[in-house]
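What you see is a predicted model; the values in this text were computed from it and never measured. Just so you know, residue 1 is the first one in the sequence shown, and it goes up from there.
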Amino acid sequence: MASLLRNLIRPGQGSFCLHQRIPMLAAEALNPKNYSKAASSPTTSSDQQLVISDSCLKRLKEICGDGSFLRITVEGGGCSGFQYKFDLDTKLNDDDLQFGKDDAKVVIDTVSLEYCNGATVDYHTELIRSGFRMLANPKAEQGCSCGSSFAIKLD
């Protein structure tokens with residue numbers, strides 16, 4: 001069942017990547033009317049946030065009726081150095097921060113949040129695929145055309 005749900009989240013996304021460098025900022029990500037304000041739990045501070053788009057909240061309400069939530073992890077790898085990993089989970093860890101609402105929750109550990117603090121979590125649908133993605137990550141210098149890997153800005 002868990003693998004079926006993962007396929008619902010990221011259908012059609014394999015390891016193929018064109019290695020084409022593109023900016024992480026998409027024009028639609030810059031339009032504030034497309035996104036709801038970050039809703040954070042009391043355990044998060046004002047400098048730690050993720051913005052959850054309306055399409056992400058809607059999709060999470062559809063697939064997380066059993067108490068599960070979307071877990072985001074940033075790992076080393078991918079064609080740009082770091083990659084986002086999206087999974088459905090039901091277990092909270094001690095270092096997890098929660099965003100969103102009870103029936104549409106996004107959870108990320110504190111280390112992963114350091115790599116995408118201020119980014120927007122979105123659910124995007126196209127003719128050939130649909131899935132969760134990160135947009136407008138202020139910590140990312142550039143990304144890959146696959147949309148799931150990025151390079152960190154060096155200050």
Side-chain angles (χ1 to χ4, degrees), residues 1-15 17 23-26 29 32 34-125 129-144 146-155:
M1 182 69 169
S3 64
L4 175 63
L5 289 175
R6 279 190 204 96
N7 288 336
L8 288 173
I9 294 173
R10 295 175 47 185
Q13 288 200 353
S15 59
C17 184
M24 287 298 291
L25 295 175
N34 291 336
Y35 304 103
S36 61
K37 298 290 183 205
S40 60
S41 70
T43 61
T44 61
S45 67
S46 61
D47 63 335
Q48 296 177 322
Q49 72 172 14
L50 286 177
V51 178
I52 313 298
S53 74
D54 292 337
S55 63
C56 180
L57 289 172
K58 180 182 174 194
R59 182 64 176 146
L60 288 174
K61 286 178 184 179
E62 294 170 357
I63 64 174
C64 293
D66 61 352
S68 60
F69 50 83
L70 178 67
R71 175 175 294 283
I72 299 173
T73 309
V74 175
E75 300 176 337
C79 50
S80 296
F82 293 92
Q83 60 189 356
Y84 303 111
K85 182 179 174 190
F86 300 97
D87 288 308
L88 290 182
D89 199 352
T90 56
K91 183 178 179 257
L92 287 171
N93 300 320
D94 293 336
D95 65 338
D96 284 339
L97 299 172
Q98 301 176 41
F99 299 89
K101 303 171 185 171
D102 287 335
D103 59 345
K105 194 179 334 181
V106 176
V107 172
I108 187 168
D109 63 273
T110 54
V111 174
S112 294
L113 184 60
E114 290 179 29
Y115 294 99
C116 55
N117 190 18
T120 298
V121 184
D122 185 44
Y123 184 79
H124 183 71
T125 303
R129 86 181 104 218
S130 59
F132 293 100
R133 64 183 181 171
M134 293 292 253
L135 299 175
N137 183 350
K139 305 284 185 171
E141 183 174 67
Q142 58 188 5
C144 187
C146 67
S148 57
S149 70
F150 64 101
I152 289 290
K153 281 184 186 174
L154 298 175
D155 295 325

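- In terms of heavy-atom proximity, Lys61 sits nearest to Ala104 at CG-CB, 3.8 Å.
- Atoms OG and CZ, on Ser53 and Arg133 in that order, are 8.5 Å from each other to the nearest 0.5 Å.
- In this structure, Ile72 and Phe132 have side chains that are not in contact, with every pair of non-hydrogen atoms separated by 4.5 Å or more.
- Under the 4.5 Å side-chain criterion, counting only non-hydrogen atoms from C-beta, Val121 is in contact with Leu70.
- The closest side-chain heavy-atom distance from Leu60 to Tyr123 is not below 4.5 Å.
- Glu114 is linked by a salt bridge (Lys or Arg N to Asp or Glu O under 4.0 Å) to nothing, counting only residues two or more places apart in sequence or in another chain.
- Cys116 approaches Val74 most closely through the heavy-atom pair SG-CG2, 4.1 Å.
- When atom types are taken as modelled, the side chain of Asp66 and the backbone of Ser68 share a donor-acceptor pair closer than 3.5 angstrom.
- Residues Gln98 and Leu92 form a side-chain contact, since some pair of their non-hydrogen atoms from C-beta on lies under 4.5 Å apart.
- With values rounded to the nearest 0.5 angstrom, Ile52 atom CD1 is found 12.5 Å from Lys105 atom NZ.
- Legend: residues meeting ring pair (Phe, Tyr, Trp, His ring centres under 6.0 Å) with Tyr115, ordered by chain and number and at least two apart, are Phe82.
- Atom OG1 of Thr110 is separated from atom CG of Asn117 by 11.5 Å, given to the nearest 0.5 angstrom.
- For the pair Ile108/Leu50, a side-chain contact is recorded, criterion being any heavy-atom separation below 4.5 Å from C-beta on.
- Other residues, nucleotides and ligands contribute at most 12 non-hydrogen atoms within 6.0 Å of the CG atom of Asp102.
- Taking all atoms of both residues into account, the shortest heavy-atom contact from Ser149 to Cys79 is OG-SG, 3.3 Å.
- In this structure, the side-chain contact (heavy atoms from CB on, under 4.5 Å) partners of Thr73, at least two apart in sequence or on a different chain, are Arg71, Glu75, Lys85, Asp109, Ser112.
- Checking side-chain atoms of Asp122 against main-chain N and O of Met134 turns up no donor-acceptor pair under 3.5 Å.
- Every residue was checked against the side chain to side chain donor-acceptor pair (under 3.5 Å) condition with Lys139, not counting sequence neighbours, and none meets it.
- Formation of a donor-acceptor pair under 3.5 Å by the Asp95 side chain with backbone atoms of Val111 is not found in this model.
- When all heavy atoms are compared, the tightest approach of Gly76 to Gln83 is O-NE2, 3.9 Å.
- In this structure, Phe86 CZ and Cys56 SG are separated by 8.5 Å, a value rounded to the nearest 0.5 Å.
- Looking at heavy atoms from C-beta onward, Phe69 lies out of side-chain contact with Leu88 at the 4.5 angstrom threshold.
- Atom CG of Asp103 sits about 11.5 Å away from atom CD of Glu62, to the nearest 0.5 Å.
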